Asker: 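First the structure, which I've put down as structure tokens, then a few questions once you've had a look.
This is a predicted model, so every value here is computed, not measured. Read the numbers this way: they start at 1 and go in the same order the structure lists the ligands and their atoms.
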Amino acid sequence: MCPKDNHLQIPDLSSPLRVGRLSFRNRVVLAPMSGVTDLPFRQLAWRFGAGLVVTEMVASRELVGNASESWARLKSSGIDPHMVQLAGREAYWMAEAARIAADNGADVIDINMGCPAKKVTGGYSGSALMRDPDHALSLIEATVKAVDVPVTLKMRLGWDENSINAPLIAKRAEEAGVQMITIHGRTRMQFYNGTADWDAIRAVRDVISVPLVANGDVGTKADANAILKRSGADAVMIGRSSQGRPWHAGVLAGAVTHPDSAAIADIVAEHYNMMLEFYGADIGLRHARKHLGWYLDRFAPQLEPQEKAAIMTSTEPSTVMSRAVAAIAAGSGRQEEKDAA
Ligand SMILES: Cc1cc2nc3c(=O)[nH]c(=O)nc-3n(C[C@H](O)[C@H](O)[C@H](O)COP(=O)(O)O)c2cc1C
């Protein structure tokens, strides 16, 4: 280990983080995840103490075009501050969408430059923007100019290992007025393969002074402290490790302790009902299956595959709920959960 590492102080995950005129209540951020961090999930994560939660990405042009899915993604009831993530490839639509989001209650606008999906990069938004920093900057500048609320940026290390340009883009973004930067320690070409490179994030720390959030493969408190130490970041963002446990960001931040099996069963039932209410019964039932699968995998590992399949595919909400809740309440997953923290 380099001797000067011994002197590096890492921030306390439970301490607040100032971003511009805002103060986030702690330093564990729930990652934006399309198809996961809808309003019910964010409401739960927020209630259990996440420092900040972010909407699923909202396509800028679709929002301006009034698409109902975009408006659903923009909802925020009970969450403060309300951070909206926008994706797009043209400055005009990003600026218009930012204005709409801010006029409708967004306290922070985040720009998505990290999404690797072909559907998104094929349209030259998400991480494809990193291939053309000048163009990316035009989008960032337009967004910052369009709104009074802080604008933040989320990106990867670069497009591929031969084009690591996050430090360059981060520096220019800060000069353009961006107030916080999140780096997922992978390149676009890695998608979600391999492991996130926490040390590589430090090259961004070295060139910016606005708060830096480090992201990628953080599952435990030890991971969270290690990524802060290795990257020099001010906060951590967690995504997949919160699937099937909306309280996990709050646990890492020290805001809550692990729920016990009975409490988990109650949370699952509440989450399920929130989803049915938010989407309506038919669509809610389908969306909820993904979350149920995660809950059952974590907290009812004793279920035989056919029992799990029967719960997952039932179309009768009361049956789904009573069987899932019973399996989780009887589950043996809690100890593994505790060990993993
Ligand atoms: C299902 C899923 C959906 C995602 N959707 C988004 C998104 O809408 N916007 C975004 O910036 N990143 C998105 N991401 C990336 C995450 O925000 C995060 O950067 C990535 O999962 C790495 O963090 P983790 O290792 O803690 O999961 C998504 C990731 C997953 C797994």
Side-chain angles (χ1 to χ4, degrees), residues 13 27-39 41-42 45 50-60 62-63 69-70 72-74 83-88 94 97 101 108-121 123 125-130 136 139 151-158 166 178 180-188 190-198 200-201 204 212-224 226-228 231 233 235-246 248-249 251-253 287 289-291 293-294 340:
L13 289 167
R27 292 166 188 250
V28 185
V29 181
L30 176 69
M33 285 182 285
S34 294
V36 182
T37 55
D38 55 10
L39 181 65
F41 195 87
R42 279 180 289 126
L52 184 65
V53 298
V54 191
T55 65
E56 304 166 88
M57 73 178 158
V58 177
S60 52
E62 279 75 355
L63 176 63
E69 191 189 336
S70 302
R73 287 182 171 211
L74 217 61
M83 181 157 170
V84 172
Q85 189 187 65
L86 296 178
M94 286 294 282
V108 185
I109 304 287
D110 187 54
I111 299 176
N112 178 326
M113 270 177 34
C115 183
K118 288 214 173 71
K119 195 171 93 176
V120 174
T121 57
S125 45
S127 55
L129 288 168
M130 297 192 75
L139 240 86
V151 173
T152 62
L153 174 64
K154 177 169 182 284
M155 61 183 159
R156 290 185 171 227
L157 294 172
V178 160
M180 181 174 85
I181 294 174
T182 300
I183 306 288
H184 174 189
R186 284 187 174 83
T187 63
R188 186 275 181 182
Q190 284 181 288
F191 289 87
Y192 292 92
N193 300 324
T195 48
D197 185 345
W198 297 345
I201 300 173
V204 173
L212 172 66
V213 183
N215 169 239
D217 301 345
V218 172
T220 63
K221 242 180 210 175
D223 291 340
I227 199 174
L228 289 182
S231 65
V236 300
M237 174 180 276
I238 63 161
R240 289 163 296 171
S241 66
S242 62
Q243 293 172 348
R245 41 180 184 177
H248 194 53
V251 170
L252 295 187
H287 278 297
R289 279 191 188 134
K290 181 175 1 183
H291 295 275
W294 288 322

Asker: In chain order, what residues pass the side chain to side chain contact (heavy atoms under 4.5 Å, CB included) check against Leu139, with sequence neighbours excluded?
Answerer: Met94, Leu129, His135
Asker: Under a 4.0 Å heavy-atom cut-off, what residues line ligand 1?
Answerer: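 Residues within 4.0 Å of ligand 1: Ala31, Pro32, Met33, Ser34, Met57, Gln85, Asn112, Lys154, His184, Tyr192, Asn215, Gly216, Asp217, Ile238, Gly239, Arg240.
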Asker: Quick one: list whatever passes side chain to side chain contact (heavy atoms under 4.5 Å, CB included) with Ala97, sequence neighbours left out.
Answerer: Ser60, Leu63, Val64, Leu86
Asker: How far does CE of Met237 sit from CG of Leu52, to the nearest 0.5 angstrom?
Answerer: 7.0 Å
Asker: For the CZ atom of Arg42 and the CE atom of Met83, what is their distance to the nearest 0.5 Å?
Answerer: 11.5 Å
Asker: How many angstroms lie between CZ in Arg156 and NE2 in His184, if you round to the nearest 0.5 Å?
Answerer: 5.0 Å
Asker: Taking salt bridge (charged side-chain N to carboxylate O under 4.0 Å, His left out) as the test, write out the residues that go with Asp217, two or more places apart.
Answerer: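 Counting only residues at least two positions away or on another chain, Asp217 forms a salt bridge (charged side-chain N to carboxylate O under 4.0 Å, His left out) with Arg186, Arg240.
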